[in-house]
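Each ligand, and each atom within it, is numbered from 1 in the order the structure gives. Since we're looking at a predicted model, the values are computed, not measured.
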Amino acid sequence: MRSFTLFTSAIAAFAGFACADLNLSEPLQSKQVLPSTFTPPQVFKNAHLVRTTNLDKAYPRETVNILIENIDSKPQSQYYVPFDTTLLARVGGFEVRDKKNAAAGTFKVEVVGLEQDSTTEFYLIHLPEPLAPGAQQTISISYSILSALKPVPSELAQTAKQYLQYTFSAYTPSAYPTEKQRTKVKFPNADVTDYTTLPAELNDEQKADPQKQGSTFTYGLYTNVPAGAQQPVSVRYEFTKPIVQSTLLERDIEVSHWGGNLATEERYWLINEGAGLKNHFSRVEWQKQNYMNPPTFALKGLNLPLAVGAVDPYFTDDIGNVSTSRFRPGKKENLLELKPRYPIFGNWKYSFRVGWNAELSSYLRKLAKGDTYVLKVPFLEGPRAVEGISYGRVSLRVVLPEGATNVNFQTSVPIIANSTSLHKTFMDTVGRTTLTLTALNLVDEFRDRDLVVTYDYPWTAGYRKPITISLGAFAVFAFVWAVGSIDTSIGSKKKAV
Ligand SMILES: *[C@@H]1O[C@H](CO)[C@@H](O)[C@H](O)[C@H]1NC(C)=O
Ligand SMILES: *[C@@H]1O[C@H](CO)[C@@H](O)[C@H](O)[C@H]1NC(C)=O
Ligand SMILES: *[C@@H]1O[C@H](CO)[C@@H](O)[C@H](O)[C@H]1NC(C)=O
């Protein structure tokens with residue numbers, strides 16, 4: 001039964017792969033649009049702000065802790081965070097919490113754009129409780145930025161070290177005046193070859209700016225920075241690892257009640273945004289060097305930690321079955337080690353598909369009353385790497401059985417679009433109920449965030465497929481019988497004439 005499920009899903013998947021060209025021209029973000037004259041009402045000030053820029057991964061991660069104060073005469077709950085439009089399109093996983101009560105969950109946020117071709121857009125944060133006049137609250141904003149690190153130089157010899165440049169504003173961009181602020185930049189190591197030095201007069205302590213402490217540099221303290229002020233700086237540091245982005249990930253999760261199976265298939269379109277290869281690729285040199293396993297800016301392999309219970313894995317790329325992959329079942333996880341056919345240097349692309357099966361009972365349970373089922377799966381499984389991996393667009397499809405209705409979902413991953421449709425595959429009558437979710441600019445830190453889907457599935461719907469197949473088999477049988485009973489003796493009659 002399992003192999004049958006695999007067979008049908010493989011057919012469906014191949015049909016999808018052939019026509020799934022990369023189309024990123026769809027609007028990237030649903031947003032509220034305000035007149036171009038809009039400026040955020042000046043009802044807050046930032047009493048104190050500390051930003052931490054973490055550069056230990058292949059994408060910068062920003063954490064901004066701000067003590068905000070309501071300077072208006074009425075309670076306020078709308079706090080704006082400005083971004084350049086081109087930057088906002090690359091910001092992912094923007095989340096805001098109460099610094100003193102992080103367990104209470106994330107605040108509601110939305111994107112606000114301006115009419116015409118404005119260069120500024122905002123994240124609008126809705127405080128769960130309006131802040132009273134004169135009151136203060138510490139909020140913690142975190143996000144990642146995709147495609148923000150530039151290899152300098154942009155081309156390297158096969159065995160060279162890679163250096164990345166990151167450009168940002170030493171003043172944290174804000175829609176409000178900031179009384180005191182600092183930016184801490186955390187590098188992956190102390191090999192920081194270049195960095196902007198700002199005049200000592202700019203900072204309040206009249207000290208060398210930035211202050212260095214091991215692999216952490218601190219810009220500031222700056223006092224009374226006006227709203228909207230920027231102070232561009234850039235840093236360059238060693239990072240000899242690939243900068244892997246999956247421009248698109250299509251992830252299909254197919255529930256088969258009948259087969260008791262959960263089939264997962266993922267299709268990746270990867271690019272290494274690191275340095276390109278200066279000269280021709282030398283496989284001899286590569287193999288000689290590879291023996292010692294030195295750091296490299298090429299992508300050599302990917303490790304997908306699958307849940308215990310994952311079986312029948314496959315890995316194919318544009319050419320076909322890739323035999324250089326390994327599957328290592330373990331106690332805590334089943335590790336799928338993928339090795340592309342060649343190392344992927346900067347600007348090179350690689351697309352492939354992986355899939356596996358699992359027992360449905362580990363992911364699905366039926367509520368005691370009624371016909372409601374609850375499915376709990378990771379939103380993202382994807383490769384695990386020290387340097388991390390980012391996802392430009394994730395399209396997740398959950399294919400439920402035929403006849404499933406009343407589909408609802410819940411996830412803490414920021415979703416930009418959701419829809420429920422019917423998806424017809426082999427031997428389906430009405431088509432399977434399919435939930436499609438789209439997320440933008442995710443990073444691997446969102447691995448293992450759950451997606452919970454509930455749906456109703458009456459037990460009679462479960463007989464739809466066996467009945468279809470029986471009817472199909474019966475039709476074939478009837479046809480064979482009908483053909484068999486036709487008088488085929490025409491030829492012999494002719495002979496007899
Ligand atoms: C890409 O998507 C846009 C918006 O949905 C659509 O108008 C356009 O035709 C698509 N392009 C291709 C090549 O499919
Ligand atoms: C793909 O490779 C695996 C492992 O080498 C093998 O077991 C499987 O039969 C291959 N499948 C095809 C379709 O060639
Ligand atoms: C799903 O999409 C609809 C609009 O198509 C929207 O109103 C709804 O809030 C979305 N649900 C979630 C949980 O994002």
Discussion item. Quick check on the 6.0 Å ring-centre criterion: do Tyr171 and Tyr222 meet it?
Written reply: yes

Fill in: Flag: protein heavy atom within less than 4.0 Å of atom 9 (O) of ligand 3
no

Discussion item. Quick test: of every protein heavy atom, which one is nearest to atom 12 (C) of ligand 3, and how far off is it to 0.1 Å?
Written reply: Asn418 ND2, 3.5 Å

Worksheet item: Does the protein put a heavy atom under 4.0 Å from atom 3 (C) of ligand 3?
Response: yes

Worksheet item: Do Arg61 and Glu95 sit within salt-bridge range, that is, some charged N less than 4.0 Å from a carboxylate O?
Response: no

Fill in: Closest protein heavy atom to atom 13 (C) of ligand 3, given as residue, atom name and distance to 0.1 Å
Phe409 CZ, 3.4 Å

Worksheet, complete the sentence: Contacts of Asp444 meeting salt bridge (Lys or Arg N to Asp or Glu O under 4.0 Å) (sequence neighbours excluded), chain-then-number -> Lys57

Discussion item. Any salt bridge linking Glu265 with Arg251? Criterion: basic side-chain nitrogen under 4.0 Å from a carboxylate oxygen.
Written reply: no

